[in-house]
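Contents: one structure, followed by commentary.
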Amino acid sequence: MGKTEVAESTNPITQWWNLTTADRRPKSDPSRLVTVNDLPLYGEDAPARPVYFIEEEPLPLQREFATLRKTWEVEYNRIAERFSVIDRVATGAKKTACKVQHYVEDEWSVLPKAGAITLGGMAGFVLGMRRGGFGRVFGSATGLSTMAAFCYPHETVDLIRAGLASMRAEWAEFQKSPAPIAEKKPNLSPPK
């Protein structure tokens, strides 16, 4: 019996189990205990800090797309006044697209996102089939990145902003002239 107890104590699995299930919490000190009524409910003691609104700089082409969107809205309203059928079909399609976008952008919907990104890559591959190997690669990459941007819009904006900041930093570094290399002048004095 003594040998099995020694074997169990040297067994790495048993040692691991004993270490992971051991209670490592510090013992409570009754002098430091606080009642629930003594706990602060609201941070009334902290002074209110002023809130500042800092407008972010627009992304590349954001102003141009805004102009196109406004122009499209004016022209669509002009057409929708004359043809109510087009307006109903477009409104239904927009509602369906918004529902699909909401479903795909939901935080817990990993499989629909993966399916949408895969479908975008496959569509890009099919559209690039006639353009040779480069067209297939470019079409697939474009389809994948477009659907990934659709499924993860906040991460895409963060990625674009980080890439632009990196490009600006590299461009500023590139524009600096390098330090000239100090050349040694040959010693032409006679030997001693």
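Proximity of L159 to E155: side-chain heavy atoms (C-beta onward) are nowhere separated by under 4.5 Å. Put simply, the side chain of M122 reaches to within 4.5 Å of the side chain of T118, judged on heavy atoms.
Contact record, A148 with T156: O-OG1, 4.0 Å, taken as the closest heavy-atom pair. For the pair I86 and Y76, the tightest heavy-atom approach, listed with the atom from each and the gap, is O-OH, 4.1 Å. Nearest heavy atoms, W171 versus Q175: NE1-NE2, 2.5 Å.
Formation of a donor-acceptor pair under 3.5 Å by the T67 side chain with backbone atoms of R63 is found in this model. A donor-acceptor pair under 3.5 Å links the side-chain atoms of R131 to the main chain of L127, judged by distance alone. The main-chain N or O of A162 is never found under 3.5 Å from a side-chain atom of S166 such that the two would form a donor-acceptor pair.
By the 6.0 Å contact criterion, CG on L33 is enclosed, its count of non-hydrogen atoms from other residues, nucleotides or ligands being greater than 12. The local environment of CZ in F65 is sparse, with at most 12 non-hydrogen atoms from other residues, nucleotides or ligands closer than 6.0 Å. Within a 6.0 Å sphere centred on OH of Y152, heavy atoms belonging to other residues, nucleotides or ligands number more than 12.
In terms of hydrophobic clustering, with Ile, Leu, Val, Met, Phe, Trp and Tyr side chains grouped at heavy-atom distances under 4.5 Å, V74 and I79 are assigned to different clusters. Under a hydrophobic clustering in which Ile, Leu, Val, Met, Phe, Trp and Tyr are joined whenever their side-chain heavy atoms come within less than 4.5 Å, directly or via other members, L164 and F174 fall into different clusters. Two different hydrophobic clusters hold L144 and V137 under the rule that ILVMFWY side chains link at heavy-atom gaps under 4.5 Å.
In this structure, the separation between OG1 on T96 and NZ on K94 is 12.0 Å, given to the nearest 0.5 Å. Between the CG atom of N18 and the CD1 atom of I13 there is a distance of 12.0 Å, given to the nearest 0.5 Å.
The existence of a salt bridge linking R78 and E75 is confirmed by a sub-4.0 Å separation between a basic side-chain nitrogen and an acidic carboxylate oxygen. Between E170 and K176 there is no salt bridge, since no side-chain nitrogen of the basic residue lies less than 4.0 Å from a carboxylate oxygen of the acidic one. Of the charged side-chain nitrogens involved, at least one lies within less than 4.0 Å of a carboxylate oxygen, so that R161 and E56 count as a salt-bridged pair.
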Task: salt bridge (Lys or Arg N to Asp or Glu O under 4.0 Å) assessment of R168 paired with E57 - done: CA-CA 14 Å; R168 283 189 193 116; E57 62 181 58; 3.0 Å; yes
